Student: 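Take this structure, written in structure tokens, and hold onto it; I'll ask about it next.
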Amino acid sequence: MTGHVVEIEELWTRFGDQVVHRGIDLKIERGEVLSLVGGSGSGKTVLLRQMMGLETPRRGRVRVLGKDLHACEPGVLQALRNRWGVLFQQGALFSALPVFDNVALPLRELRVLDEEVIRELVLMKLEMVGIEFWHAFKLPAELSGGMVKRVALARALALEPELLFLDEPTSGLDPDRSESFVRLVEGLMRELSLTIVMVTHDLDTLVALSSRIAVLYEGRLVVVGTLREVVHSENPFVVNFFLGERGRRALEAVWDTLGLGKNASRGKT
């Protein structure tokens, strides 16, 4: 099955006097990883929340999995939400619930599965993200940062979603754990044929996972394309983000394949 999983048309977002988005148009194709990047306060996470129906635009339309989120009846919207999973920035695990119950929560909310089936599904999801059985009854406070991310990912995958939203998935992880998490997501993409929308400021994660990149600047998408297309943009923010010192380090391994000259900087090769 092909086609657009997310379609955003002429989206304007405003909070009081602050305009966050100014006429955003974006289409996300089935099976791709679309990464949203931008400076602090550029509206990346707000745009992600628009795609999840957690924010209402001032103007425009958001269609996800073929449905207009803001024209749906509550029951239809809930059914849609059962078709996507979300990994929040800090994991957002319930601190008073052990790992097992955190992952079981969306399954129990369906109210159609018995506990034995739920147990099998939870343990399968934990195994899928590399969490051993004996960690299932620990509280989130007893886990490392990397394990919290993995448990949160297991919960996001509990209902076998078609679409996965990731908000800064490697934020707060050291380089080794970040790289391990990226490898995990790469494996899950191949195994589950997911469509992923990811907000990240981590250039290594961006380079490793993205099919396309959408760059937010001053309320607008200034460039949307493959990494190769984006790094050749002449927009000053894009140039600084990708061809500044941090960006050059992250791009070093793929520098030549991107068609960048040895001394490329400030949009010139």
Side-chain angles (χ1 to χ4, degrees), residues 1-8 26-37 47-53 62-69 72 76-89 91 103-107 109-110 112-113 117-118 120-131 146 149-170 178-200 202 204-214 224-230 254:
M1 187 175 182
T2 60
H4 298 125
V5 176
V6 178
E7 298 174 84
I8 298 173
L26 180 64
K27 292 182 179 180
I28 299 172
E29 298 177 6
R30 188 172 297 276
E32 75 170 333
V33 181
L34 188 284
S35 294
L36 291 168
V37 302
L47 187 55
L48 198 71
R49 289 173 63 84
Q50 295 278 16
M51 296 182 211
M52 294 186 279
V62 181
R63 292 175 62 86
V64 179
L65 298 169
K67 302 290 184 181
D68 187 334
L69 294 188
C72 285
V76 174
L77 183 57
Q78 184 55 55
L80 271 179
R81 285 176 171 155
N82 290 341
R83 296 172 63 189
W84 67 63
V86 184
L87 173 58
F88 294 99
Q89 185 170 346
V103 179
L105 187 62
L107 295 164
E109 287 183 337
L110 290 177
V112 296
L113 302 174
V117 172
I118 289 174
E120 292 178 6
L121 288 171
V122 169
L123 295 180
M124 180 179 71
K125 298 303 178 185
L126 289 174
E127 182 180 5
M128 187 180 290
V129 299
I131 298 293
K149 295 279 189 179
R150 287 172 179 265
V151 172
L153 183 57
R155 184 178 63 184
L157 296 172
L159 298 181
E160 303 284 343
E162 304 164 51
L163 172 62
L164 188 61
F165 295 108
L166 305 178
D167 189 5
E168 299 286 5
T170 54
S178 178
E179 185 177 341
S180 176
F181 192 87
V182 166
R183 289 198 302 269
L184 170 63
V185 173
E186 287 176 323
L188 292 171
M189 285 162 50
R190 290 191 297 269
E191 184 177 347
L192 303 176
S193 301
L194 293 166
T195 301
I196 295 177
V197 184
M198 175 175 65
V199 168
T200 185
D202 183 342
D204 293 317
T205 300
L206 189 77
V207 170
L209 293 178
S210 304
S211 305
R212 288 191 303 147
I213 299 163
V224 180
T226 63
L227 178 61
R228 182 187 179 93
E229 291 167 339
V230 169
V254 293

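Being a predicted model, the structure only gives us computed values, none of them experimental.
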Student: Find out whether Ile213 and Leu227 are in side-chain contact, i.e. whether some heavy atom of one side chain is under 4.5 Å from a heavy atom of the other.
Tutor: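 They are in contact (side-chain heavy atoms under 4.5 Å apart), so the answer is yes.
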Student: Does the side-chain contact (heavy atoms from CB on, under 4.5 Å) test come out yes or no for Leu184 and Val129, once each step is laid out?
Tutor: CA-CA 7 Å; Leu184 170 63; Val129 299; 4.1 Å; yes
Student: Could you check Val197, Leu34, Val6 and say which one makes a side chain to side chain contact (heavy atoms under 4.5 Å, CB included) with Leu26?
Tutor: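 With Leu26 as partner, side chain to side chain contact (heavy atoms under 4.5 Å, CB included) holds for just one option, Leu34.
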Student: So which atom in Phe165 and which in Met51 form the shortest heavy-atom distance, rounded to 0.1 Å?
Tutor: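 Where Phe165 meets Met51 most closely, the heavy atoms are CE2-CB, 3.7 Å.
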Student: Roughly how far, to the nearest 0.5 Å, is CG of Leu77 from CE of Met52?
Tutor: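 Taking CE in Met52 and CG in Leu77, the distance rounds to 12.0 Å.
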Student: Do Leu157 and Leu194 pass the side-chain contact (heavy atoms from CB on, under 4.5 Å) test, and can you show the C-alpha distance, the side-chain angles, and the key distance before you say yes or no?
Tutor: CA-CA 10 Å; Leu157 296 172; Leu194 293 166; 4.1 Å; yes
Student: With rounding to the nearest 0.5 Å, note down the distance linking CD1 in Ile118 to CG in Leu105.
Tutor: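 Interatomic distance, Ile118 CD1 to Leu105 CG, rounded to 0.5 Å: 10.0 Å.
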Student: Taking atom CG of Leu69 and atom CD of Gln50, what is their separation to the nearest 0.5 Å?
Tutor: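 It comes to 9.0 Å.
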Student: Closest approach of Val224 and Ala214, non-hydrogen atoms and distance?
Tutor: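 Closest approach of Val224 to Ala214, heavy atoms only: CG2-CB, 4.0 Å.
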Student: Quick one: does Arg81's side chain have a donor or acceptor within less than 3.5 Å of a partner on Gly53's backbone?
Tutor: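 Between the backbone of Gly53 and the side chain of Arg81 there is a qualifying donor-acceptor contact (under 3.5 Å).
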Student: To the nearest 0.5 angstrom, please state how far the CZ atom of Phe181 sits from the CG atom of Leu153.
Tutor: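 Reported value, rounded in 0.5 Å steps: 5.0 Å.
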Student: Does Gln78 CD have over 12 foreign heavy atoms under 6.0 Å away?
Tutor: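 Yes, enclosed.
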Student: Would you say the side chain of Asn82 lies within less than 4.5 Å of the side chain of Leu110, judging by non-hydrogen atoms?
Tutor: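 The answer is yes, as the side chains (C-beta and beyond) meet within the 4.5 Å cut-off.
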Student: With the side chain counted from C-beta on, respond yes when Val230 and Val37 share a heavy-atom pair under 4.5 Å apart, and no when they do not.
Tutor: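 Of all side-chain heavy-atom pairs linking Val37 with Val230, none is under 4.5 Å.
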Student: With sequence neighbours excluded, what pairs up with Glu168 under the salt bridge (Lys or Arg N to Asp or Glu O under 4.0 Å) test?
Tutor: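 With sequence neighbours excluded, Glu168 shows a salt bridge (Lys or Arg N to Asp or Glu O under 4.0 Å) to no residue whatsoever.
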Student: Any side-chain heavy atom of Leu164 sitting closer than 4.5 Å to one from Leu87?
Tutor: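 No, too far: nothing below the 4.5 Å cut-off.
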Student: Show the numbers, then the answer: is there a salt bridge (charged side-chain N to carboxylate O under 4.0 Å, His left out) between Arg30 and Glu162?
Tutor: CA-CA 9 Å; Arg30 188 172 297 276; Glu162 304 164 51; 3.5 Å; yes
Student: Which pair of non-hydrogen atoms, one from Asp202 and one from Asp204, has the smallest distance, and what is that distance?
Tutor: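 Where Asp202 meets Asp204 most closely, the heavy atoms are OD1-N, 3.0 Å.
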Student: Does a donor on one side chain and an acceptor on the other come within less than 3.5 Å for Thr205 and Thr170?
Tutor: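 Checked: Thr205/Thr170 side chains pair up, N/O donor to acceptor below 3.5 Å.
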Student: With sequence neighbours excluded, tell me which residues meet side-chain contact (heavy atoms from CB on, under 4.5 Å) with Glu160.
Tutor: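 Once residues adjacent in sequence are excluded, the partners of Glu160 under the side-chain contact (heavy atoms from CB on, under 4.5 Å) criterion are Met124, Lys125.
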Student: Is any side-chain heavy atom of Val199 less than 4.5 Å from a side-chain heavy atom of Leu47?
Tutor: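 Answer no - side chains too far apart.
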Student: Which pair of non-hydrogen atoms, one from Leu188 and one from Met128, has the smallest distance, and what is that distance?
Tutor: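 The pair with the smallest heavy-atom distance is CD2-CG, 3.4 Å.
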Student: So which atom in Met198 and which in Ser210 form the shortest heavy-atom distance, rounded to 0.1 Å?
Tutor: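 Between these two residues, the closest heavy atoms are CE-OG, 4.3 Å.
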Student: Restricting to side-chain contact (heavy atoms from CB on, under 4.5 Å), what partner residues turn up for Ala208, sequence neighbours left out?
Tutor: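 So Ala208 forms a side-chain contact (heavy atoms from CB on, under 4.5 Å) with Val182, Glu186.
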Student: Is there side-chain contact between Leu209 and Ile196, with heavy atoms separated by less than 4.5 Å?
Tutor: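 Answer no - side chains too far apart.
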Student: For a quick test of reading the model, state the closest non-hydrogen atom pair linking Pro161 to Ala156 and the distance between them.
Tutor: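 Nearest heavy atoms, Pro161 then Ala156: CG-O, 3.5 Å.
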Student: Using only atom types and a distance under 3.5 Å, with no angle test, would you say the side chain of Arg63 pairs donor to acceptor with the backbone of Glu7?
Tutor: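 A pair under 3.5 Å: no.
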Student: Could you check whether any side-chain heavy atom of Ser180 comes within less than 4.5 Å of a side-chain heavy atom of Arg150, counting everything from C-beta outward?
Tutor: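 Yes, side chains in contact.
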Student: Do Leu163 and Arg83 touch side chain to side chain, with heavy atoms closer than 4.5 Å?
Tutor: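 Sidechains of Arg83 and Leu163: no contact.
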Student: Measure the CD-CE distance between Glu32 and Met189 for me, rounded to the nearest 0.5 Å.
Tutor: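 CE of Met189 is found 10.0 Å from CD of Glu32.
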